[in-house]
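Accompanying notes for the structure given below.
Letters A, B, ... are given to chains in the order of the sequence lines, protein chains preceding strands, and every chain is numbered from 1. Predicted model only: the values in this text are computed from it and were never measured.
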Amino acid sequence: MPYHTPIPGEDALTDVSFTNGLTDSQKKAVAHKDGPLLVLAGPGSGKTRVITCRVAALVRAGVRPWNICAITFTNKAADEMRRRVESMQIPSGAHISTFHSLCVRLLRRYAQAAGIRADFSIYDEDDQKHLLRQVLKSADVDAERFPPARLLGGISRCKNDLEDHVAVAARADDYYTKALAKAYRLYQQALDANNALDFDDLLLRTAFLLRDRPEVRRELGEKFRYLLVDEYQDTNHAQYEIARGLALDHGNLCVTGDPDQSIYRWRGADIGNILAFERDWPNAVVIRLEENFRSRPQILALADELIANNRRRKQKKLIPTRPDAGRIEFHTARDESDEACFVAEQIRRLIGQGATAGDIAVFYRINAMSRAIEEAFITRQIPYQVVRGVEFYARKEIRDVLGYLRLIANPKDDVAFARAVNSHSQGIGKTTLERLAIYAGDHNISLDQAAREARNIPAIAAAAQQKLAAFAALIEKFRRAAEGPVAPFIKTVFEESGYARSLEDGTAKDDNAVENVGELISAAAEYDKTAESPSLLDWLQEIALYSDTDAYDAESGRVSLMTLHAAKGLEFGSVFIIGLEEGILPHERARDGTDDLEEERRLCFVGITRARDNLTITRARYRTIRGQFLATIPSQFLFELGRSEQDDGGWQDDGEEQQDAEEPDEPIAAHRRRSAPVFRVNDVVRHGIFGRGRVKQYLDLGDDSVVTVRFDSGQTKSLALKYAKLEKAKI
DNA sequence: AAAACATACATTTTT
DNA sequence: TGTATGTTTT
């Protein structure tokens, strides 16, 4: 019996009021197409709507919902898509999730084929760091000389490229890579021993599963007959292989994306994946969506002016469809608190004029920049929400409780053991733990197992032996009770472990600690309600992929504060982007390397194109960075947006400070040593690599002076005189 | 073994 | 600036 009466695709699309500028044949392709489909779409063009409409159209054409799989990058995007699909009044059941959630699901189901156990722990950055440090300490490696964070970054990159440690070792021909390969091997062995996967493993294992087990691949191809991937420009190699593997047997792969909005290169995203889609799938139908239904024409013009500076990109138009209106404003503030005051005042004015707080957002490059804004909002009683990464799950008390729970769910999880035993404190300290680790290592067993055998470890004092054994027994007792709903179980563990008591008495470092654990329990209760058969393991694996960014509430009626990364996919009537300064946007770590710089530019582009009507861009002359009050240099992006230094008149100034570039404008410069040459604005200079250029701005900081030069090649660079060999050119 | 203290250190963006 | 580790004291 047919699941649903087939309806011609066009009708299905009309049905769901899909009227945003597609030609009839494009609509038909979106609704009907068996085979690969590439949607290249600019910001505000209804890209995600194409996906939801395709899902709806497929279902109406008789495809069973559970044969459709749509993949997004963030939980937030998945939720949004689920919401939209449900509102289309079609039978639900389509699988909509992030890459990582999908991988967890597949790896649990096909654990055996993937060569792992289904009850694995998922390690986040903190866990990874802990584990790597542990491993390097006990295995005296030359890799110890490199900072763990750097090694983890290197390992992550390898995993994203689907390289295992053997492959890395094989290509290692320099000191660092050799050390990396060794660290990778040891780290991976430790992960295996702990029955744990890190975020990258989730992708890598799934990609390998699809590659090495054709029967699994075929089975999944049968299950997910239609595959859709949103934000395809942000796929890394592993994700690319997963999408390809899942679609290999039927070719029904629809991807959407915008190369100009690729902002996750640092996480291994390869913009080449979307640029080469037509090569990978030669019969792909390509749809371009260039009309923008979101922003005012001036805003689009500004965005276009900026992004045109990127070389590695496909030319694309931003075609406005809305009439002229709205406002663009630039502002230079004195310092970050002055900047925050300005933003807050502007927002107050907007609200006074009838704007809704929920339709206003402030974007910044790094999370730390939210602070000044928050302070200004608090004094002015402007309601706001900060959309922040991790945060809640990074809290000490939350991690401690999760330590217990993870250890209960996965006895091999030594990282969880260390955390739990540490929070349990009372009598088990560093030394004991160290001795226990040595014993466990010698006998090739987990810390949990070693603790049970504590009485047989002569190196450990009798009293400590007792306590370890008691701890192991306690965990074992919990383990036997870990069935069924999660929330009551967490409560039991929290109280009976004695951790609740230790939070309440004495060391009240954080008076909200107990409350926070309560919140965790509520979250678990929520899970218990929705899950069909709740289990601790399932819940742990779910929340491991959860970040507070997902907690963004579109209906909160409050001003949203978030990073530019978190802003992707959202839109607001009025947008403020703060901190357009060299070293912040673009971030200092992206200053060398054009690819990195182009990514920063895309980030700025994403921010600008979030705005529907009003856009305000600000910078501060001074900013406190890591506790130091420093003079700043305007972002080169400001030049590209047509705001040159001389033309500062375009900036609305607070008037407190005169802006004479030649005048050393604060005591900072006065006592600096000087050995570097002095330049003036408009001096013609010569650089060994970039050639001839003209000084646009000179910041006098003695030896640390920075000079901004627009070179004849057209590019603008900010150079530290100390490093850049810059000389005055003759004429 | 725990607490108090000192010192180094890194410090983007997210799953 | 804050964290996170290492060192000394109790």
Side-chain angles (χ1 to χ4, degrees), chain A residues 71-78 97-104 122-130 133 137 147-150 153 156 159-160 197-204 206 231 234-236 238-239 262-269 336 363-372 387-391 393-394 396 422 425-435 460-461 463-464 467 506-507 541-550 562-569 579 583-591 596 599-600 602-604 606-607 623-630:
Chain A
I71 306 177
T72 62
F73 272 78
T74 61
N75 294 305
K76 189 179 72 189
S97 73
T98 63
F99 265 105
H100 289 261
S101 303
L102 177 67
C103 289
V104 168
I122 299 173
Y123 277 9
D124 68 11
E125 227 174 286
D126 272 356
D127 301 321
Q128 288 177 283
K129 218 179 260 176
H130 182 98
R133 251 194 264 272
K137 206 189 296 178
R150 186 176 166 197
S156 174
K159 287 185 173 182
N160 286 160
L197 304 186
D198 62 23
F199 284 133
D200 301 316
D201 279 337
L202 296 174
L203 302 175
L204 174 134
T206 307
E231 308 282 16
D234 282 329
T235 48
N236 62 32
Q239 289 161 327
S262 166
I263 53 175
Y264 287 105
R265 212 176 82 93
W266 52 274
R267 204 166 78 183
E336 69 268 19
F363 302 151
Y364 35 79
R365 180 62 234 267
I366 55 178
N367 275 312
M369 290 167 72
S370 72
R371 221 169 105 176
V387 182
R388 208 179 309 233
V390 287
E391 198 69 356
Y393 288 95
K396 186 181 176 300
N422 195 28
S425 72
Q426 264 63 39
I428 307 169
K430 218 164 45 182
T431 321
T432 306
L433 197 55
E434 232 158 63
R435 287 170 184 162
I460 296 176
K467 294 198 167 116
T507 51
Q541 290 182 339
E542 193 168 292
I543 62 158
L545 302 175
Y546 184 91
S547 78
D548 271 8
T549 318
D550 314 329
M562 66 184 86
T563 65
L564 285 159
H565 283 87
K568 194 165 74 158
I584 294 197
L585 185 63
H587 193 268
E588 60 183 326
R589 269 197 57 178
R591 265 205 278 180
D596 289 334
E599 174 140 320
E600 296 290 309
R602 288 194 293 269
L603 201 48
C604 192
V606 166
R623 189 175 296 276
T624 312
I625 298 164
R626 271 180 251 140
Q628 275 186 301
F629 189 68
L630 295 171

**Message:** If the cut-off is 4.0 Å, is Thr432(A) near the phosphate of dA1(B), judged by side-chain N/O to OP1 or OP2?
**Reply:** yes

**Request:** Anything under 30° is parallel, anything over 60° is perpendicular, the rest tilted; go ahead and classify Trp266(A) against His565(A).
**Result:** perpendicular

**Request:** Report the residue (Phe199(A) or Ala149(A)) whose heavy-atom-nearest nucleotide on DNA chain B is the more 5′ of the two.
**Result:** Ala149(A)

**Request:** Between Leu603(A) and Arg435(A), just flag the one whose closest nucleotide in DNA chain B comes earlier from the 5' side.
**Result:** Arg435(A)

**Pairing residues for Phe73(A) by the ring pair (Phe, Tyr, Trp, His ring centres under 6.0 Å) criterion, not counting sequence neighbours** = Phe99(A)

**Asked** Under 4.0 angstrom, heavy atoms only, what part of the nucleic acid is Arg371(A) near: base, sugar-phosphate, or nothing?
**Response** sugar-phosphate

**Complete:** Footprint ends on DNA chain C, 5' to 3', for atoms under 4.0 angstrom from a heavy atom of chain A, come out as dT1(C) to dT5(C)

**Prompt:** With Tyr123(A), which residues qualify under ring pair (Phe, Tyr, Trp, His ring centres under 6.0 Å), at least two apart?
**Reply:** none

**Prompt:** So what does Phe99(A) hit on the nucleic acid, given a heavy-atom distance under 4.0 Å: a base, only sugar-phosphate, or nothing?
**Reply:** nothing

**Prompt:** Which value, in whole Å, describes the distance between the P atoms of nucleotides dT13(B) and dA4(C)?
**Reply:** 15 Å

**Item:** Nearest-Å distance for atom pair CG/P, residues Leu433(A) and dA1(B)
**Value:** 11 Å

**Asked** Considering only heavy atoms and no angle criterion, is a donor-acceptor pair shorter than 3.5 Å present between the side chain of Trp266(A) and the base of dT13(B)?
**Response** yes

**Request:** Applying side-chain hydrogen bond (donor to acceptor under 3.5 Å, both in side chains), name anything that partners Asp127(A), two or more places apart in sequence or on another chain.
**Result:** Arg399(A), Arg406(A)

**Prompt:** Between atom NE2 in His587(A) and atom P in dT14(B), what is the gap in whole Å?
**Reply:** 12 Å

**Message:** Between P on dT14(B) and CD1 on Ile263(A), what's the gap in Å once rounded to a whole number?
**Reply:** 9 Å

**Prompt:** Quick one: Glu125(A) CD to dT13(B) P, roughly how many Å, whole number?
**Reply:** 10 Å

**Message:** I'd like to check the side-chain contact (heavy atoms from CB on, under 4.5 Å) partners of Ser101(A); sequence neighbours left out, ordered by chain and number.
**Reply:** Asn75(A), Ser97(A), Thr98(A), Leu545(A)

**Message:** When you measure from the side chain of Tyr364(A) to the backbone of Leu564(A), do you find a donor-acceptor pair of N or O atoms at a distance under 3.5 Å?
**Reply:** no

**Interatomic distance where CG belongs to Asn367(A) and C1' belongs to dT13(B) [whole Å]** = 8 Å

**Prompt:** Who pairs with Arg602(A) by side-chain hydrogen bond (donor to acceptor under 3.5 Å, both in side chains), at least two apart in sequence or on another chain?
**Reply:** Glu599(A)

**Prompt:** To the nearest Å, how far apart are Glu588(A) CD and dA10(B) P?
**Reply:** 13 Å

**Request:** List for me each residue that meets side-chain hydrogen bond (donor to acceptor under 3.5 Å, both in side chains) alongside Arg267(A), sequence neighbours excluded, and say none if there are none.
**Result:** none

**Message:** Can you measure Arg623(A) atom CZ to dT12(B) atom P for me and round it to whole angstrom units?
**Reply:** 16 Å

**Request:** Could you say whether the aromatic ring of His565(A) and the base of dT13(B) stack, counting only centre distances under 5.5 Å and plane angles under 30°?
**Result:** no

**Message:** Going by the rule side-chain hydrogen bond (donor to acceptor under 3.5 Å, both in side chains), which residues pair with Lys159(A) if we only count those two or more places apart in sequence or in a different chain?
**Reply:** Gln188(A), Asp198(A), Asp201(A)

**Message:** Dot-bracket for DNA chain B, please. Rules: Watson-Crick or G-U, both distances under 3.5 Å, ( ) within the strand, [ ] when a pair crosses earlier ones, | for another strand, . otherwise.
**Reply:** ||||||||||.....

